[in-house]
Amino acid sequence: MADTKREIERKYESDESGLPDLTGVAGVATVIDKGVAELDAVYYDTPDERLAAASVTLRRRTGGSDAGWHLKLPVASGVRDEIRAPLSDTLPDELAALVRSRVREAELVPLVRLLSTRDVSELLDADGTLLAEVSVDAVVAERLTEDGRTSQWSEIEVELADDGDPAFLDKVEKKLRKAGVRPSDSPSKLARALQETAPRKGRKKDRKKIEAATSGEPVTPADHVLVYVRAQRDAIVELDPAVRRDVFDSVHSMRVATRRLRSTFKSFGKVLDRAVTDPIGEELKWLAGELGVDRDQEVLTERLTEALDALPEDLVTGPVHARLRAWSRKDGGTGPRSELIEALDGPRYLELLESLDAVIADPPLLKAAHGDPEKVITKAVTKDFAKVAALVEEALAQPPGADRDLAMHEARKKTKRTRYAAEAAHPLLGKPAKALVKDMKSLQSLLGDHQDSVMAREALRDLAHQAHAAPGESAFTYGLLYGREERRAERAEEALPGEWARISKDMPF
């Protein structure tokens, strides 16, 4: 079973050997010498170094107190989540799954071996609480592939104690800098090892690839659209491990990325050929469905629970809380979660990722892809806005009831699409696009609250029927909640004309 540890650390280099005296660091009462450990780590990656390109490290390490398999996923600068699994001869399945979105069907091979002699010290406060662990590492790196070279260096590593204050690292760094120690140019041992041990020809090729990938700003309409497409593809790939680990909000965030991609392919159908992107959009719709199996139920349950909790006790008649809990689990539980992981482990998901890669690497460009960027992008955004306008006007023309509910729901979906198109346009069009994003978010919120009320009333009718069929159970509370939801929908409908008048007047394009 793997466990996760949040790792916050900084690395330094020094022309002098050994560790400077840290007893003067504010808050440090004692520096304890913990002795020397010999560490032997083999780092794994695909032959084309996909993990390293994403600042992800996967290693099998022996020696020290934490021997085993370690997967490190970047969180922020100097912050990584380290996921550990027990030592074994082969890569544990649970870690293999966490790198699958990047590795795909490629083979993971031993790439670099690092032998480290680690001299460890602990920094303790006056109560004997660990503040940080400081180590001086003498490292020998060996490239394990053909024509690889070796390298060696010494570095200082400061790792914050669990639940420690990151500001403490600033105090340590201040002391180190005064002693002539400087921050390392490399973010990790592996990054430095890859750079210093690569075959000379390979290093030149790598530099050329990097220069080609990073040179130039978006110029054509296609460039601007593909920047947004690439960002959403990257979000799906990067969120994959978090979804598998059930990190808070990760499922919702990945689902939003799929929606943004689908919307972008539709909005900019004059730039990227929809004959190619529509089938990908269908697969994105499938993935969004897998991600949303229990998400919609959770949101609706939270809404109903909050409304129920707000009622005075004398208005809650019967086992309403118990029935709501039972209803919330009818499509929830462990089933949808296991089905989602099964989908992420399946070939269909990998094929979708490959198809997104293909669109980015060799985009299916149409004539407008080479036109005037501002003109093409603006036209696409205003076309989406016009669809929103038509649907909102249709909703306003309908009397209250099912037809209006449907029109407002359709307007909500097109509002999201326009918002995402404006997001893609923002780097090019600037403030007008930013203003439109803000307006569409506001409209989406209003229409979304209305749609949530529609769904909540459907659920309350279902619950009321169940209660009515049960001997001696009252449906009063469900009717009361239904009425309140009805009023919430009415308020949204009442607010829509004014909100739409404001947005139409302020339309920046």
Side-chain angles (χ1 to χ4, degrees), residues 2 4-13 41-61 66 69-85 91 94-104 106-114 116 137 139 141 143-145 151 153 155 157-160 166 169 183-198 202-203 205-207 209-214 227 230-245 247 250 253-254 257 353 356-357 360:
T4 301
K5 179 180 183 298
R6 176 61 55 88
E7 179 184 86
I8 303 176
E9 65 179 20
R10 298 181 187 179
K11 296 182 181 296
Y12 302 90
E13 299 175 3
V42 175
Y43 288 77
Y44 288 74
D45 205 337
T46 60
D48 55 356
E49 300 179 15
R50 298 179 192 180
L51 298 183
S55 299
V56 174
T57 63
L58 174 64
R59 74 186 179 200
R60 179 184 184 275
R61 189 163 79 180
D66 61 348
W69 287 90
H70 304 159
L71 173 65
K72 298 190 179 187
L73 302 172
V75 176
S77 178
V79 182
R80 296 185 290 184
D81 278 342
E82 182 177 277
I83 303 160
R84 301 173 177 176
L91 175 64
E94 52 198 319
L95 296 192
L98 295 178
V99 297
R100 192 164 185 260
S101 65
R102 298 192 184 281
V103 173
R104 315 282 172 83
E107 182 184 7
L108 284 168
V109 298
L111 192 62
V112 168
R113 183 183 187 190
L114 297 183
S116 302
D137 295 343
V139 184
R143 174 78 66 144
L144 300 177
T145 56
S151 179
W153 67 89
E155 69 178 35
E157 182 177 291
V158 184
E159 181 175 348
L160 189 68
L169 295 181
S184 175
D185 293 331
S186 297
S188 68
K189 289 183 175 67
L190 177 61
R192 181 166 182 172
L194 289 174
Q195 180 182 17
E196 296 186 3
T197 67
R203 294 176 72 186
K205 289 180 181 179
D206 289 343
R207 281 198 297 271
K209 287 180 182 179
I210 293 171
E211 290 167 2
T214 58
V227 165
R230 187 181 297 109
Q232 306 317 313
R233 186 279 313 273
D234 290 349
I236 292 174
V237 171
E238 291 166 5
L239 283 164
D240 178 289
V243 169
R244 293 174 185 272
R245 295 161 54 208
V247 174
S250 58
S253 296
M254 185 187 280
L353 295 181
L356 291 172
D357 289 350
I360 293 169

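From a predicted model like this one, the values you see are computed outputs, not experimental measurements. The first residue of the sequence shown is numbered 1, and numbering continues consecutively from there.
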Extract all donor-acceptor atom pairs below 3.5 Å that involve side chains of residues 233-242 and protein atoms in other chains or at least two apart in sequence.
| unit_1 | atom_1 | unit_2 | atom_2 | d |
| --- | --- | --- | --- | --- |
| R233 | NH1 | D357 | OD1 | 2.6 |
| D240 | OD1 | R244 | NE | 2.7 |
| D240 | OD2 | Y349 | OH | 2.7 |

Open item on the list: Suppose we screen for side-chain contact (heavy atoms from CB on, under 4.5 Å). Which residues come up paired with V227, at least two apart in sequence or across chains?
Closed with: P218, R230
Open item on the list: Checking T46 now: which residues fulfil side-chain contact (heavy atoms from CB on, under 4.5 Å) with it, not counting sequence neighbours?
Closed with: D48, R50, V103, A106, L108
Please report the closest heavy-atom contact between [X] and [Y], naming both atoms and the distance.
X: R10; Y: P166; answer: NH2-O, 4.2 Å
X: S188; Y: K11; answer: CA-CE, 3.8 Å
X: L51; Y: D45; answer: N-OD1, 2.9 Å

From [X] atom [atom1] to [Y] atom [atom2], the distance as rounded to the nearest 0.5 Å:
X: S184; Y: W153; atom1: OG; atom2: CH2; answer: 9.0 Å
X: R61; Y: R113; atom1: CZ; atom2: CZ; answer: 13.5 Å
X: E7; Y: D81; atom1: CD; atom2: CG; answer: 9.5 Å
X: Y43; Y: R60; atom1: OH; atom2: CZ; answer: 13.5 Å
X: E94; Y: L71; atom1: CD; atom2: CG; answer: 10.5 Å
X: K5; Y: R84; atom1: NZ; atom2: CZ; answer: 5.5 Å

Between [Y] and [X], is there a side-chain heavy-atom distance shorter than 4.5 Å?
X: L58; Y: L91; answer: yes
X: Y44; Y: P110; answer: yes
X: K189; Y: S116; answer: yes
X: T57; Y: R80; answer: yes
X: L111; Y: L194; answer: yes

TODO: Please report the C-alpha distance between R192 and V139 in whole Å, then the side-chain angles of each, then the deciding distance to 0.1 Å, and finally whether the side-chain contact (heavy atoms from CB on, under 4.5 Å) criterion is met.
DONE: CA-CA 11 Å; R192 181 166 182 172; V139 184; over 6 Å; no
Open item on the list: Quick one, E155 with S186, criterion side-chain contact (heavy atoms from CB on, under 4.5 Å). Give me CA distance, side-chain angles, the key distance, then yes/no.
Closed with: CA-CA 11 Å; E155 69 178 35; S186 297; over 6 Å; no
Open item on the list: Salt bridge or not between E49 and R143? Use side-chain N to carboxylate O under 4.0 Å.
Closed with: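 A salt bridge links E49 with R143.
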Open item on the list: Pair I83, R245 - check side-chain contact (heavy atoms from CB on, under 4.5 Å), show working.
Closed with: CA-CA 10 Å; I83 303 160; R245 295 161 54 208; 3.7 Å; yes
